[in-house]
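Numbering starts at 1 and runs along the sequence shown. Atoms within each ligand, like the ligands themselves, are counted from 1 in listed order.
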Amino acid sequence: MKAVVLRGAGQFACEEICPPVIGPGELLLQLGRAAICGTDLRILEGKKTKDVRYPSVIGHEISGTVYQVGEGVSTFQKGDRVAVANVLPCGDCPSCLAGRSNACQARLAIGYQYDGGFAEYVRIPAAFLEHGNVFRLPETVSFETGALLEPLACCLRGQRNAGVSFLDTVLIVGAGPIGLMHLQLSLAAGARCVIVSEINGMRREKAQTLGAHMVIDPEREDLTERVREATGGAGVDRMILAIGAPAIVNGLLGIVRKGGTACLFAGFAGKGTCSIDANIIHYNEIHVCGSTAYTRQDYRDAAALAIGGKIDLESLATHCFPLEQFQEAYETCRSGAGLKIMIRR
Ligand SMILES: [Zn+2]
Ligand SMILES: [Zn+2]
């Protein structure tokens, strides 16, 4: 089968390799779509190495068709269209026991410990079936939407951590695919006003189409000033940072209202260090939170939101390349020309 094999930092290519052999209780998935994620870019470039194996096949935003069913599997049949929640929490570490399985300290994941979606066929280990990580897609739902349930689940976790709710004013910094998912989730959660800050014109336009109340180009406008005006000087209730740029954190803390929340959603580039005026947090009683991965409940809720038509994932999938053209897909993704770049068989 064709697969994109990662052999080291910056060393990857579409190759012909043996398809996976499945055992009892497992599934073999024929790829529908796999989306390239910002994390994948960091892995391909060698900037992220935690839990990364060489050689391996990465890709963790996956949908497809059940191609083969292992002995003893009764819940799925050949031909079923499914999406996969790629993270399997251990259930037994302090994070899992505290109800934060998204931050599991001993997680196993497809696209990391197990080969992932940038391949014609993907093996789904038995534990993923046993724990409900394989999600059946209704006929009306595309493989694009199926693959993007995973990042949507991550965003839903971020929204929950940030506490976005009725009548909030929300600032979303960055309108890449993740920022655009946050925008839609905030609207679905009942936000009164969602402001999006983004330097790329195409992305600002997309934010507007998806319902942003205000879009700001921070290179040409004073973000702080515009937000002050829009909030009567109070600042935003919730700020979600969907760009991994440490240098902008301090300025953004200043436009969160007293008692508001700043969610540092995106993973930060480099060492992630920056200097902040701690008194902004102190005097303004700002809650600062992070967000990592998703719980199985987040994934199911994300699926319900997308399937119920509350969130448009379909139009975020702007490009699709076959496995053989992975290099082109990778470069398109890096250029920021599109939104979500999808890979197909
Ligand atoms: Zn991802
Ligand atoms: Zn755990």
Side-chain angles (χ1 to χ4, degrees), residues 4 6 31 33-45 47-52 56-63 83-118 122 127-128 130-133 135 143-159 174 176-182 185 240 242-244 265-269 290-299 302-303 306 311 313 316-319 326 329-330 333-334 336 338-343:
V4 177
L6 174 67
L31 183 65
R33 294 288 183 271
I36 305 182
C37 162
T39 309
D40 293 325
L41 289 184
R42 293 208 298 279
I43 292 172
L44 293 168
E45 290 162 2
K47 289 180 184 161
K48 178 185 161 79
T49 52
K50 189 176 178 282
D51 295 335
V52 178
S56 72
V57 177
I58 65 164
H60 59 267
E61 302 177 358
I62 309 165
S63 64
V84 183
N86 75 306
V87 177
L88 190 71
C90 75
D92 199 35
C93 72
S95 301
C96 283
L97 293 174
R100 293 177 183 274
S101 60
N102 59 304
C104 172
Q105 289 148 266
R107 62 176 234 170
L108 292 173
I110 295 173
Y112 294 87
Q113 288 84 2
Y114 302 107
D115 276 353
F118 298 148
V122 187
F128 285 74
E130 286 158 19
H131 291 92
N133 283 52
F135 190 90
F143 281 135
E144 279 79 3
T145 292
L148 297 179
L149 295 178
E150 194 271 349
L152 183 64
C154 295
C155 293
L156 184 55
R157 171 53 27 205
Q159 292 274 317
I178 293 297
L180 294 169
M181 288 182 197
H182 276 296
L185 287 169
I240 293 171
I243 306 175
F265 183 83
F268 287 101
S291 193
T292 184
Y294 55 89
T295 65
R296 220 172 273 120
Q297 189 64 46
D298 294 327
Y299 189 91
I311 308 288
L313 295 175
L316 302 184
T318 53
H319 293 70
F326 188 82
Y330 167 77
C333 199
R334 285 210 328 169
L339 290 166
K340 265 292 183 185
I341 313 301
M342 316 297 293
I343 301 298

- Can you find a heavy atom in the side chain of E45 that is under 4.5 Å from one in the side chain of R334? yes
- What angle sits at the Zn ion (ligand 1) between SG of C37 and OE2 of E61, to 10°? 90°
- Given atoms SG of C90 and SG of C96, what angle do they subtend at the Zn ion (ligand 2), to the nearest 10 degrees? 120°
- Task: Take the Zn ion (ligand 2) as the vertex and measure to SG of C93 and SG of C104; round to 10°.
- Result: 120°
- Query: Would you say P151 and I178 make side-chain contact, with heavy atoms under 4.5 Å?
  - Reply: yes
- Just wondering, do L41 and I36 contact through their side chains at under 4.5 Å, heavy atoms? yes
- Note on the structure: Taking every heavy atom of N86 against every heavy atom of F128, the minimum-distance pair comes out as O-CE2, 3.2 Å
